[in-house]
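Taking it in order: structure first as structure tokens, then the write-up.
So you know, we letter chains A, B, ... as the sequences are listed, proteins then strands, and number each from 1.
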Amino acid sequence: MRFEERSVRTMERYVDSKLYRIRHSAAHVMAQAVLEKFPEAKIAIGPPIEDGFYYDFDLPRPLTEEDLAEIEARMREIIREGYDFTRREVSADEARALFADQPYKLELIEGLDRGGQDEYGEKTSEPVVISTYTQDTFEDLCRGPHVANTREINPDALSITFKAPAGAYWRGDEHREMLTRIYGTAWETAEELEEYLALLEEAKKRDHRVLGVKLDLFVIDPLVGKGLPLWKPKGAILRETLERFLRQAQMERGYQPVVTPHIGKLDLYRTSGHYPYYKDSQYSPIDVDGEEFLLKPMNCPHHIMIYKSELHSYRDLPIRYAEFGTVYRYEQSGELTGLTRVRGFTVDDSHLFVTPEQLLDEFIEVVRLTQFVFGSMGMSDFRVRVGTRDPESDKYVGDDASWEHATASIIQACEQLDLNYVVEVGEAAFYGPKLDFIFRDVLKREWQLGTVQVDYNLPERFELEYIGEDNERHRPVMIHRAPFGSLERFIGILIEHFNGAFPAWLAPVQAVLIPVSDRHLDYAREVAQQLRAAGMRVEVDDSSSRMGAKIRHQTQMRVPWLLIVGDRDIEKSAVSVRLRTGEDLGTMGVKEFISHATYLIDVKSLALD
RNA sequence: GCCACCCUAGCUCAAUCGGCAGAGCAAACGCUUCGUAAGCGUUAGGUUAUGAGUUCAACUCUCAUGGGUGGCUCCA
């Protein structure tokens with residue numbers, strides 16, 4: 001079952017669940033405690049969320065840890081005192097009077113009263129009843145639902161100190177006030193809370209930024225620049241292995257490699273529309289002999305110029321140009337994170353030029369390739385999103401008809417592929433709608449990896465053509481696609497997905513030879529040479545530590561196969577095989593091990609035995 | 001970019017109230033030569049992120065800059 005299906009189902013149950021009411025009620029109790037401590041505070045909204053709840057406040061000063069502890073203690077008191085939650089419906093005017101000194105609530109009331117907006121500022125078609133919930137001295141504008149009494153919240157299964165207070169814009173708008181968001185988590189039992197906190201701790205250890213350093217995969221050095229990762233040898237091998245894998249898959253599917261430079265004239269991007277539509281995410285132009293150049297933010301214009309360099313017949317199509325193209329985008333400093341959000345990254349890019357008749361089939365093939373890529377890694381925890389244009393925004397190029405066409409094709413393909421997709425307005429690329437594969441990292445943040453986009457607009461802007469069967473000129477349609485999305489982000493997610501324990505075909509070091517004592521080193525080196533000759537990535541641990549320490553170290557480095565060699569093994573031209581899981585496969589002849597290991601590598605097995 | 005917090009040896013972290021900067025791991029060297037998750041010893045390693053300021057005295061207090069973390073906004 002896909003992540004998507006699971007989450008939709010659990011979300012449906014969630015709003016009706018007791019846990020949801022507990023968390024919603026805990027948010028109200030928190031607001032009461034905060035208002036008691038800061039009577040001048042302004043309150044915004046406080047909904048339940050996955051794993052907890054939050055409430056946004058406009059506070060007179062920043063919060064300290066002591067403040068949070070105090071608020072949390074007061075919450076427990078309120079809970080134990082046992083107040084009923086009582087609901088009442090009020091008219092808009094009554095509500096305005098009740099919340100006269102709460103500007104954010106007044107704004108919400110306006111939305112409710114005017115209609116078309118619910119409590120959270122979301123659009124709604126339902127007529128809205130204004131209601132409030134009261135516990136003890138605190139009355140909040142709220143549609144509920146809540147528990148009947150504060151005693152239903154377990155004071156020992158509650159925490160608001162587990163996460164630092166955070167900034168959040170009022171109504172998610174960066175031009176509005178910056179509020180202070182306090183996150184809380186609440187469960188039915190203390191055990192569940194403990195389990196949850198333990199899980200968070202575990203997740204931190206899986207963080208690709210932590211593992212990336214530990215496993216020597218990459219570094220990010222401020223002197224080079226933030227958001228500009230440097231790949232160390234082991235990370236580079238992982239990267240190259242992934243590239244080789246996809247190149248092979250693409251070759252089998254009729255893709256052709258192309259190679260293009262990292263900069264291009266500003267006029268190229270004026271033609272494509274990247275400039276000005278994509279201007280905010282680009283670096284300033286570079287002056288070269290009086291002409292302006294841009295670091296490329298996308299590969300499409302370069303690939304388009306290759307298409308345009310000759311006249312194409314319908315017989316040539318589909319044309320599929322592929323390149324691991326490195327692009328540079330300006331990202332605001334606060335949103336850079338490890339490998340998942342960087343300023344220079346490599347897209348496993350391809351642009352397909354197809355006839356309108358070929359579009360659907362090609363699109364489906366591309367989605368299948370993407371599914372194949374994820375399947376090869378055992379990655380199934382993703383959701384599929386159709387990103388469409390926001391008709392009210394002006395950051396898109398092209399006319400309505402081509403957008404409708406493109407969107408319809410994507411939906412049709414999804415239906416035909418029986419994909420469990422969700423349509424999200426405003427998530428399109430500036431030149432066309434897209435189908436995205438979205439994963440979550442260990443901290444549950446969502447990241448778009450694979451993407452497939454349909455584009456009628458760039459062919460128009462560049463006046464692309466092919467000669468049809470009728471000997472007339474026709475306009476091709478473009479598909480932009482990247483199964484990985486970007487190597488950087490993909491590897492970041494991959495590290496967390498495998499907790500650093502990559503399947504053998506991806507592991508930077510596939511086997512390490514561990515001599516029982518130094519006098520077995522020569523044999524170890526000899527065996528290592530044989531494994532290398534068979535195409536394996538092998539190291540010999542000739543450090544000065546003892547065997548036990550080497551086993552421990554190499555296990556922590558997640559090397560798939562530890563090959564221990566001593567007198568007994570030399571005698572039989574063998575190795576003693578131990579897996580990084582701790583499992584002992586016993587003694588195997590060197591040749592036997594090679595055929596065993598290379599087989600598992602060849603078939604890209606996820607298992608080691 | 002915005003709000004908050006953080007920055008001490010390569011890594012993880014100590015250092016009472018403002019009073020001589022310390023440990024483990026890693027590294028180098030030496031001893032040990034060992035059969036499935038840490039053998040022993042020695043040495044080296046620091047302008048406490050950077051720059052100003054307050055003070056008799058700053059890792060500690062203030063300000064600025066850089067970098068990081070958690071959110072928000074924005075995105076592959």
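- B:A58 makes up no base pair with any nucleotide shown, lacking Watson-Crick or G-U wobble contacts both under 3.5 Å.
- The neighbour count for A:K37 NZ, taken as heavy atoms of other residues, nucleotides or ligands under 6.0 Å away, is above 12.
- Toward the 5′ end of RNA chain B lies the nearest nucleotide of A:T180, the other residue of the pair A:T180 and A:G227 mapping further downstream.
- Of all heavy-atom pairs between A:L369 and A:A249, the closest is CD1-CB, 4.1 Å.
- In this structure, A:V516 and A:G566 approach most closely via the heavy-atom pair CG2-CA, 3.6 Å.
- When rounded to the nearest whole Å, the span between NZ of A:K232 and P of B:G10 equals 14 Å.
- One C1' atom belongs to B:U33, the other to B:G70, and the distance between them is 50 Å to the nearest Å.
- Contact annotation: A:K226 reaches the phosphate of B:G68 (side-chain N/O to OP1 or OP2, under 4.0 Å).
- Under the Watson-Crick or G-U wobble criterion, with both distances below 3.5 Å, B:G18 has no partner in any strand shown.
- B:A27: Watson-Crick or G-U partner is B:U43, with both key distances under 3.5 Å.
- Using N1 to N3 plus N6-O4 or O6-N4 for Watson-Crick, or N1-O2 and O6-N3 for G-U wobble, each under 3.5 Å, B:U36 pairs with nothing.
- B:G35 and B:G39 are spaced 13 Å apart, taking the P atom of each and rounding to whole Å.
- Only the C1' atoms considered, B:G41 is 26 Å distant from B:U36, to the nearest whole Å.
- In this structure, B:G66 forms a base pair with B:C7, meeting either the Watson-Crick or the G-U wobble geometry with both donor-acceptor distances under 3.5 Å.
- Donor-acceptor pairing under 3.5 Å is recorded for the side chains of A:Y278 and A:R329.
- Between A:Y169 and A:H175, the distance from one ring center to the other does not fall under 6.0 angstrom.
- Sequence order on RNA chain B of the closest nucleotides to A:E65 and A:P222 puts A:E65 first from the 5' end.
- Heavy atoms only, all atoms of each residue included: A:A524 and A:V565 are closest at CB-CG2, 3.9 Å.
- With 3.5 Å as the limit, one finds a donor-acceptor pair spanning the side chains of A:Q453 and A:T451.
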- Query: Taking protein heavy atoms under 4.0 Å as touching, what does nucleotides 70-76 of chain B look like 5' to 3' if B marks base contact, S marks sugar-phosphate-only contact and - marks none?
  - Reply: BBBBBBB
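- In this structure, the NZ atom of A:K550 is 18 Å from the P atom of B:C25, given to the nearest Å.
- Using atom C1' as the reference point in both B:C20 and B:G67, the two lie 30 Å apart (nearest Å).
- Of the nucleotides present, B:G1 is the one that pairs with B:C72 by Watson-Crick or G-U wobble criteria, both distances under 3.5 Å.
- Atom name C1', nucleotides B:C13 and B:A21: the rounded distance is 14 Å, in whole Å.
- Inspection of the A:E323 and A:H303 side chains reveals an N or O donor paired with an N or O acceptor under 3.5 Å.
- In this entry the distance linking CG of A:D56 with C1' of B:C2 reads 14 Å, nearest Å.
- Comparing the same atom, P, in B:G10 and in B:G66 gives a spacing of 24 Å after rounding to whole Å.
- With a 6.0 Å cutoff to the six-membered ring centre and a 45° limit on the axis angle, A:K163 counts as a cation-pi contact of A:Y183.
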- Task: Going 5' to 3' through nucleotides 28-39 of chain B, assign each nucleotide B (protein heavy atom under 4.0 Å from a base atom), S (under 4.0 Å only from sugar-phosphate atoms) or - (no protein heavy atom that close).
- Result: -----BBBBBBB
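- If you take CG of A:D221 and C1' of B:G66, they are 13 Å apart, rounded to a whole angstrom.
- For the P atoms, the distance from B:U60 to B:C6 is 13 Å, rounded to whole Å.
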- Message: Using ring-ring contact (aromatic ring centres under 6.0 Å, His included), reason through A:F437 and A:F374 one step at a time and then give a plain yes or no.
- Response: CA-CA 10 Å; A:F437 291 78; A:F374 294 144; 5.6 Å; yes
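- Counted by atom type alone, A:H351 and A:N299 present zero donor-acceptor pairs between their side chains at under 3.5 Å.
- As rounded to the nearest Å, B:C74 and B:U8 have P atoms that lie 33 Å from one another.
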